[in-house]
Protein chains: 2
Amino acid sequence: MYEVFFQKFNQRTPLTEDEENFIKQYLIPKKLRKRQYLLQEGDVCKSIALIEKGSMRTYLVDPAGQEHITAFALEGWTIGDLPSFQSELPSIQNIEALEDCELVLVSKSAHDELLKTMPKYEIYIRLLITDAYMALQKRTLNMISLSLDDRYKAFIDTYPNIAQRVPQHMIASYMGLSPETLSRIRSRMNNSK
Amino acid sequence: MYEVFFQKFNQRTPLTEDEENFIKQYLIPKKLRKRQYLLQEGDVCKSIALIEKGSMRTYLVDPAGQEHITAFALEGWTIGDLPSFQSELPSIQNIEALEDCELVLVSKSAHDELLKTMPKYEIYIRLLITDAYMALQKRTLNMISLSLDDRYKAFIDTYPNIAQRVPQHMIASYMGLSPETLSRIRSRMNNSK
DNA sequence: GCGAAACCTTGATTTTCGTCAACGGTTTTC
DNA sequence: GAAAACCGTTGACGAAAATCAAGGTTTCGC
């Protein structure tokens with residue numbers, strides 16, 4: 001239990017056994033079945049979650065009622081809606097399990113307490129957010145500067161395991177495309193090689 | 001000198017006078033004339049910069065040779081290329097002064113030293129990156145889910161001062177549009193009200 | 001103060017992607 | 001095990017934005 005959580009933590013910020021045990025007090029395990037929600041729009045995001053097992057998606061519903069996937073997450077990734085988590089205001093996003101999931105939750109109060117009492121946790125969080133920021137920036141740069149074909153290639157290269165486990169129409173949604181267009185990109189790529 | 005820097009710092013993490021003086025040792029003032037560069041692609045981003053006065057842009061040149069503006073920054077904002085700053089590897093972005101600028105630089109070594117010795121600096125950086133992440137996420141969500149007209153309105157609402165100080169073709173570039181398309185959006189908006 | 005850039009707009013044409021629709025194959029579900 | 005839902009592909013069409021081109025205005029540099 002919590003294996004992946006502490007593996008990821010130690011990767012960035014090595015912990016003693018005592019420190020691990022101290023943190024464990026604050027962690028809450030949670031299981032979600034496929035299609036269950038960790039967060040629904042309108043609710044406050046009360047926890048950030050590390051995925052021990054399974055996969056999830058975050059999505060947004062636009063004014064026209066269309067869904068747009070904004071993030072995928074696999075084992076070892078941390079998810080949550082940061083604006084809602086920070087502000088304790090209702091979220092506009094949804095987070096749903098794509099497969100049966102085992103999660104480790106850190107509630108807002110636990111998070112605040114750990115930030116206050118444990119410098120290593122503060123460092124860990126800073127590194128986590130820094131990485132998230134850089135990944136998001138890379139995504140934004142790709143979105144702006146690459147052709148569709150190259151964006152799809154970049155996605156496959158960066159996240160080969162997502163491409164395998166997630167239906168294509170969701171990848172299209174993540175890329176901001178219609179499923180038909182992604183299908184055509186793929187057939188274009190197959191023909192030209 | 002450093003007024004804006006400490007105003008922003010104190011806003012998030014109040015400092016005593018001694019603490020301010022401690023940090024001041026690490027700060028380097030720098031002036032840039034319009035069109036001068038803080039960072040050019042291929043170089044390592046050696047400092048993060050707070051803008052005391054002036055405005056800047058960050059841009060990327062794509063494989064086809066086209067420029068894409070990825071960020072604007074005004075007084076009180078902090079800029080730099082995080083992936084390059086963190087990794088000390090060459091950057092793929094350029095940061096250029098749009099007006100004459102007065103900057104406050106924190107070098108990588110100063111940054112690392114401050115992180116190590118001063119918990120309040122660590123907190124400040126975490127909050128800074130958290131805000132940057134949330135702003136970038138909001139931009140990404142808008143990009144994916146809104147119509148062009150609404151995206152432009154959202155930009156104007158969020159950054160009215162940028163819209164005033166920056167040429168429209170740069171805003172078009174930031175939004176990933178041709179200048180002509182942005183011009184037509186604007187005339188559409190004027191006609192319908 | 002004058003010439004040259006830079007900037008914004010408008011029109012005509014082309015390209016690209018979304019939408020609509022139909023089909024076949026696979027997986028779920030009861 | 002059959003019906004239903006889901007999924008990916010393909011074709012025809014239409015809408016939206018890019019591109020190309022030209023003209024008019026403002027700003028900048030000397």
Side-chain angles (χ1 to χ4, degrees), chain A residues 33-36 55 57 59 61-69 72 96-100 142-156 162-193, chain B residues 32-36 54-55 57 59 61-69 72 96-100 142-156 162-193:
Chain A
R33 306 286 304 275
K34 186 174 174 169
R35 314 233 170 160
Q36 285 189 311
S55 58
R57 69 194 259 248
Y59 71 89
V61 181
D62 75 17
Q66 268 236 291
E67 287 185 11
H68 302 270
I69 294 179
F72 294 110
E96 181 198 27
L98 294 176
E99 303 169 325
D100 293 352
N142 283 351
M143 186 118 98
I144 290 179
S145 69
L146 296 185
S147 70
L148 284 191
D149 290 39
D150 287 346
R151 273 170 63 200
Y152 181 64
K153 278 178 208 147
F155 178 82
I156 299 290
I162 292 179
Q164 278 166 9
R165 277 163 73 174
V166 161
Q168 273 168 38
H169 72 271
M170 287 194 184
I171 294 171
S173 170
Y174 177 83
M175 294 182 66
L177 305 176
S178 69
E180 294 92 336
T181 298
L182 183 55
S183 173
R184 285 187 246 264
I185 289 171
R186 286 167 52 81
S187 79
R188 221 159 38 213
M189 279 174 48
N190 285 333
N191 289 341
S192 68
K193 70 170 181 191
Chain B
L32 282 184
R33 306 287 303 276
K34 184 175 176 169
R35 312 235 170 158
Q36 286 188 310
S55 59
R57 70 194 258 246
Y59 70 89
V61 181
D62 75 16
Q66 269 236 292
E67 285 185 12
H68 302 270
I69 295 178
F72 293 110
E96 181 198 28
L98 294 175
E99 303 170 324
D100 292 352
N142 283 351
M143 185 120 98
I144 289 178
S145 68
L146 297 184
S147 69
L148 283 192
D149 290 39
D150 287 345
R151 274 170 62 200
Y152 181 65
K153 277 177 208 148
F155 178 82
I156 299 289
I162 293 180
Q164 278 166 9
R165 278 164 71 174
V166 161
Q168 273 169 38
H169 71 274
M170 288 194 184
I171 295 171
S173 169
Y174 177 83
M175 293 181 66
L177 306 176
S178 69
E180 292 94 333
T181 297
L182 182 56
S183 173
R184 286 186 245 263
I185 289 171
R186 285 167 52 82
S187 79
R188 222 163 31 216
M189 278 174 50
N190 284 332
N191 289 341
S192 68
K193 68 171 181 191

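What's counted below: heavy atoms across the whole structure, side chains too, no hydrogens, waters or symmetry copies. The sequence lines fix the lettering, A, B, ..., with proteins before strands; numbering per chain opens at 1.
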- Expressed in angstrom and rounded to an integer, what is the separation of B:M143 atom CE from D:dA17 atom P? 15 Å
- Query: Please give, in whole Å, the distance from C:dC8 C1' to B:R188 CZ?
  - Reply: 16 Å
- Message: Can you identify which nucleotide, out of C:dG11, C:dC17, D:dG8, has its nearest atom closest to the A:T181 side chain?
- Response: C:dC17
- Message: From C-beta outward on A:L177, which listed nucleotide comes closest to its side chain: D:dA18, C:dG18, C:dG11?
- Response: C:dG18
- Item | Separation of atom CZ in B:R186 from atom P in C:dC7, rounded to whole Å | 15 Å
- Query: Are any non-hydrogen side-chain atoms of A:F72 and A:M170 less than 4.5 angstrom apart?
  - Reply: yes
- Query: What's the CD-P distance between B:Q168 and D:dT26, to the nearest Å?
  - Reply: 14 Å
- Does a side-chain heavy-atom distance below 4.5 Å link A:R188 with A:I185? yes
- Message: If we check side chain to side chain contact (heavy atoms under 4.5 Å, CB included) with A:E96, which of these qualifies: A:K34, A:Q36, A:R35?
- Response: A:R35
- OP1 or OP2 of D:dC6 less than 4.0 angstrom from a side-chain nitrogen or oxygen of A:H169, does that happen here? no
- Task: Calculate the interatomic distance between B:D150 atom CG and D:dA16 atom P; express it in whole Å.
- Result: 14 Å
- Expressed in angstrom and rounded to an integer, what is the separation of B:R151 atom CZ from D:dA16 atom P? 15 Å
- Message: Any donor-acceptor pair, under 3.5 Å, between the side chain of B:R184 and the base of C:dG11, if you only look at N and O atoms?
- Response: yes
- Of C:dC8, D:dT9, D:dA18, the nucleotide closest to the side chain of B:S178 is D:dA18
- Of D:dT19, C:dC20, C:dC7, the nucleotide closest to the side chain of A:E180 is C:dC20
- Query: Just checking, any donor-acceptor pair under 3.5 angstrom between side chains of A:Y174 and A:R57?
  - Reply: no
- Task: Round to a whole Å and report the spacing from CG of B:L182 to C1' of C:dC8.
- Result: 10 Å
- Note on the structure: Heavy-atom nearest pair, A:L182 first then A:A172, reads CD2-N, 3.6 Å
- Starting at CG of A:L148 and ending at C1' of C:dT15, how long is that distance when rounded to a whole Å? 12 Å
